[in-house]
4 protein chains.
Amino acid sequence: MSSAPSENAAPENAALPPARTPGKRNAAATRQRILDVALAEFAEHGFSGSRIERIAAGASANVGMIYHYFGNKDDLYLAALEASYKIIRDREQTLDIAHADPRQALKALVELTFDFLSTDPHFVRLIMNENLMMGRTAQRSATIPHMTRPLLEQLRTLLARGQKEKIFHREMDAEDLYISILGLCFIHVSNRYTLGSMFQHDFAAPDWLARRKAIVVDVVTRSIVATPAR
Amino acid sequence: MSSAPSENAAPENAALPPARTPGKRNAAATRQRILDVALAEFAEHGFSGSRIERIAAGASANVGMIYHYFGNKDDLYLAALEASYKIIRDREQTLDIAHADPRQALKALVELTFDFLSTDPHFVRLIMNENLMMGRTAQRSATIPHMTRPLLEQLRTLLARGQKEKIFHREMDAEDLYISILGLCFIHVSNRYTLGSMFQHDFAAPDWLARRKAIVVDVVTRSIVATPAR
Amino acid sequence: MSSAPSENAAPENAALPPARTPGKRNAAATRQRILDVALAEFAEHGFSGSRIERIAAGASANVGMIYHYFGNKDDLYLAALEASYKIIRDREQTLDIAHADPRQALKALVELTFDFLSTDPHFVRLIMNENLMMGRTAQRSATIPHMTRPLLEQLRTLLARGQKEKIFHREMDAEDLYISILGLCFIHVSNRYTLGSMFQHDFAAPDWLARRKAIVVDVVTRSIVATPAR
Amino acid sequence: MSSAPSENAAPENAALPPARTPGKRNAAATRQRILDVALAEFAEHGFSGSRIERIAAGASANVGMIYHYFGNKDDLYLAALEASYKIIRDREQTLDIAHADPRQALKALVELTFDFLSTDPHFVRLIMNENLMMGRTAQRSATIPHMTRPLLEQLRTLLARGQKEKIFHREMDAEDLYISILGLCFIHVSNRYTLGSMFQHDFAAPDWLARRKAIVVDVVTRSIVATPAR
DNA sequence: GATGAATGAGAGTTCATTCAT
DNA sequence: CATGAATGAACTCTCATTCAT
């Protein structure tokens, strides 16, 4: 159920002996379990379709605990959304754009995005749901609006270097490039089921994903590399 | 509110032989009004978030009528989804791919897709919602799974001609091309709000759309046109 | 669907050529069809469980007709109840108690009651339902309260003759005898399903009914025939 | 209102260790109150005619609690039916058939049945309703189908002894005898209102019941006792 | 006479939230 | 900290009844 328990729960549990004090359960751990389950629930059912009671049961907690730790359904959803964003942000930081060949760096960036969106079972669905809700919750968040800052910075650096080196000849904006990458990496996940019923195959199959990833890298690269006059 | 104004509003103004009172005792009109409002409601609130009562009120009907004509909420949603698909399908048929220069035809196709997805206030949201529901309803539909047949045929014809004429040198699959086009035309609509909070501007602004459309056409074109060895 | 179409509908249809005047349907026949279907519906589903729309559909009529002919659901139920009672009353009149040996006459009466209750698919269920509704409708009826008059008269005559002839030595009241007969003839029909789940066989099977009928005749007879001092 | 006052009301008046507020925050008591009221409601109005809201109000609970404890209306009805059966079963176990004179034992059994059916305000109506619903719920029950096992065993024992002692000469089956008893004890309760409107008196009047009980005992006894050749 | 569209009240059921223990 | 009983508002759906045509 948990999308990334190791990264979130691990620090809490690290120093804890397996046997806890009987009367007092581990508060932080309970909170984290609720959050993990909530993230999965909201991703799977959307906001309206998610059930507080199901989250409580899934986290081996009870409804009261959710209200104790998170206030209400809206705020729990906000917390889940932020937690989900944090995962991708942390992932992006692992890239080292600066010291690579721009073309290789671009490839690495696209592949990371493609892999993350294709692999994380919750992120795309949460984003879709949030957009269906017209960004109501993301706007309330103190952290989400800035989430892609680092990625964009990397992209800008990368673009500038490529253009200076005449590898990328076009004056493409980082924003435009980012949106193209996102669109090409997002669609087969977001539209997995409607595409599936159109083309009659599974858009999450590993083989298909591997082939598609190469195509996406190619499409993105072709869109900015300098070409002899055409 | 009406997603199919031509079919609904037109007869009222034109010369109708039976000449009935618009909102009263008119089965077909009532059914259509319900369907139009339901389409908007489901697009705006998703399935769970949509309210039968709100649809009834919006259609100047009452709850009983909805159940009389559509059976239940699920089937009303199915009808709305099918009606929405029908609109884009009809639009696509207006394209004349066969008799144009492949490059121009591709451009026309991309622009039509871009414009439709950017303009229709309901289609993208319905598709997103349907995917969040794991395609549960699209699978039940007798018509939806075949909806992109004609479009794909057009795309295959176009690709074949372009490749024969050596304008398109790549052996790109129609499916792959379609998904790239869809991804590039879909993302700024589907992710309008989360992108908006990242980049702090409105992704539905006409100026931005016009510029972006050109970029998308460019990215798609570059992805398949023959280029001198690179 | 009709519980006794021959007795009720026959006179209406007798003189009618198969082709009716197109514009005007046969009013009396429609009314009768509704009544027949209503009787079956009320017997099958009880008052609350019966559906006006289902009755209309079953009678190949429409809801408006039911209100036109019968006023409302309550009055339709009353009409159905009275129609059902009329059937058993007519049946009882076929007995000729006066000119038979008292013991034979008693047997004939018991068998007639047993057969009617076991055979008519609706009567017992309507009576049960009416009793569950605390006789609310039977009390409103002008005809129902007198329905068993003739039967009781026959029973009184029969008892008096049997006692005068010293065949029936007991001073049993006609009412008491009637209730015993009714109880013994009613229970396997009224409690068909709960008895069925207790004894694991079908209480409407012809074989069982034939055997049981003999037992009931025997029990009733033994209850009133004169016996040497015991 | 309560069908099982011993289990419900007694603890309140007795010395209860936890001593909770009667109507508040007491799961078992709330559940029992709902069940008691539901039993009465279903007996009075039948399944379709019963109202969840009325049951909640009658039990000083709210609608949600009913769904919390019983799932849905169907299952609440099942619980009520089982509870009602349990009452008569327990009552029957109080009889000591084995050590009495067969004739006396038979009399005791008939009188117990007669009294229970005449006295319990709910049982007969629930059985009638269940049969109108074609035993749909009794069949789902794990306990009901076996409910008359013990009674039938008693009856078989009693019959065998009576026949061995030449008091009962007939080879009457226990099932046949049971059905006769049930029919004779059931009819004035099940058909209380239709009989009432026929005979113009109250079939629940104590005087009438006392007289009738003697008759029923007599009819049953005569049906199986050995008689000199007739 | 006949049709079926339309109405409105109310039924069963669900669910976020509160609160006594 | 933790539990789960209790609440009340709302939601989907049904149905007897009316009424324009």
Side-chain angles (χ1 to χ4, degrees), chain A residues 21-27 30-31 48-56 60-69 71-74 76, chain B residues 18 20-21 23-31 48-56 60-74 76, chain C residues 21-28 30-31 48-56 60-69 71-74 76, chain D residues 18 20-21 23-31 48-56 60-69 71-74 76:
Chain A
T21 321
K24 304 178 185 178
R25 307 278 179 80
N26 189 321
T30 300
R31 204 197 111 99
S48 303
S50 288
R51 299 288 166 258
I52 293 285
E53 191 140 3
R54 203 158 43 199
I55 294 169
S60 304
N62 60 67
V63 170
M65 283 296 92
I66 292 179
Y67 284 86
H68 179 68
Y69 284 121
N72 58 27
K73 193 183 182 181
D74 271 9
L76 175 60
Chain B
R20 301 214 192 91
T21 318
K24 296 215 156 190
R25 302 279 155 184
N26 189 339
T30 300
R31 208 195 109 100
S48 304
S50 288
R51 297 291 165 254
I52 293 285
E53 189 135 4
R54 206 156 43 198
I55 295 170
S60 303
N62 61 66
V63 170
M65 284 291 93
I66 293 179
Y67 286 88
H68 181 65
Y69 286 120
F70 295 95
N72 56 31
K73 193 182 182 183
D74 269 357
L76 176 60
Chain C
T21 321
K24 304 178 185 177
R25 306 282 179 78
N26 190 322
T30 300
R31 203 196 114 101
S48 303
S50 288
R51 298 290 167 255
I52 292 285
E53 192 139 1
R54 202 157 46 198
I55 294 169
S60 304
N62 59 68
V63 170
M65 285 294 92
I66 292 178
Y67 285 86
H68 179 69
Y69 285 121
N72 58 27
K73 193 183 182 182
D74 271 12
L76 175 61
Chain D
R20 302 218 190 88
T21 320
K24 297 217 158 189
R25 302 281 157 184
N26 188 337
T30 299
R31 207 195 111 100
S48 304
S50 288
R51 298 290 165 255
I52 293 284
E53 187 135 6
R54 205 156 44 199
I55 295 170
S60 302
N62 62 65
V63 168
M65 283 292 93
I66 292 179
Y67 286 87
H68 180 66
Y69 287 121
N72 58 27
K73 194 182 181 182
D74 269 349
L76 176 60

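First the proteins, then the strands, lettered A, B, ... as listed; each starts at 1.
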Can you tell me how far apart CD1 (D:Ile52) and CD1 (D:Ile55) are? Round to the nearest 0.5 Å.
5.0 Å

Review item, nucleotides 9-12 of chain F N/O atoms under 3.5 Å of protein N/O:
unit_1 : atom_1 : unit_2  : atom_2 : d
F:dC11 : OP1    : B:Arg51 : NE     : 3.0
F:dC11 : O5'    : B:Arg51 : NE     : 3.3
F:dT12 : OP1    : B:Ser50 : O      : 3.1
F:dT12 : OP1    : B:Lys73 : NZ     : 2.9
F:dT12 : OP2    : B:Ile52 : N      : 3.3

Euclidean distance, atom CD1 of residue A:Ile66 to atom P of F:dC1 [Å, nearest integer]:
15 Å

Sorted by chain and number, sequence neighbours left out, salt bridge (Lys or Arg N to Asp or Glu O under 4.0 Å) with D:Arg54 holds for D:Glu41

Using a cut-off of 4.0 Å on non-hydrogen atoms, how would the nucleic acid contact of A:Tyr69 be classed: base, sugar-phosphate, or nothing?
sugar-phosphate

Dot-bracket for DNA chain F, 5' to 3', Watson-Crick and G-U pairs with both distances under 3.5 Å, [ ] for crossing pairs, | for partner on another strand, reads .||||||||||||||||||||

Would you mind reading off the distance between B:Asn62 atom CG and F:dC19 atom P, rounded to a whole angstrom?
15 Å

Considering all heavy atoms of both residues, which atom of C:Ser48 and which atom of D:Ser48 are nearest to each other, and what is their separation?
CB-CB, 3.5 Å

Tell me the interatomic distance from B:Met65, atom CE, to F:dT14, atom P, rounded to whole angstroms.
14 Å

Tell me the interatomic distance from B:Phe70, atom CZ, to E:dA5, atom P, rounded to whole angstroms.
12 Å

Euclidean distance, atom CD1 of residue C:Ile55 to atom P of F:dT17 [Å, nearest integer]
11 Å

Has B:Thr30 got a side-chain N or O lying under 4.0 Å from the OP1 or OP2 atom of E:dA6?
yes

Given side chain to side chain contact (heavy atoms under 4.5 Å, CB included), test B:Lys73 with B:Leu76 step by step and report yes or no.
CA-CA 5 Å; B:Lys73 193 182 182 183; B:Leu76 176 60; 5.6 Å; no

To the nearest angstrom, how far is A:His68 atom NE2 from E:dT21 atom P?
20 Å

To the nearest angstrom, how far is A:Arg54 atom CZ from F:dG4 atom C1'?
19 Å

Taking only residues two or more places apart in sequence, or in another chain, which ones meet D:Asn72 in a side-chain contact (heavy atoms from CB on, under 4.5 Å)?
D:Tyr67, D:Asp74, D:Asp75

For B:Thr30 against B:Ala61, the heavy-atom pair lying closest together
CG2-CB, 4.3 Å

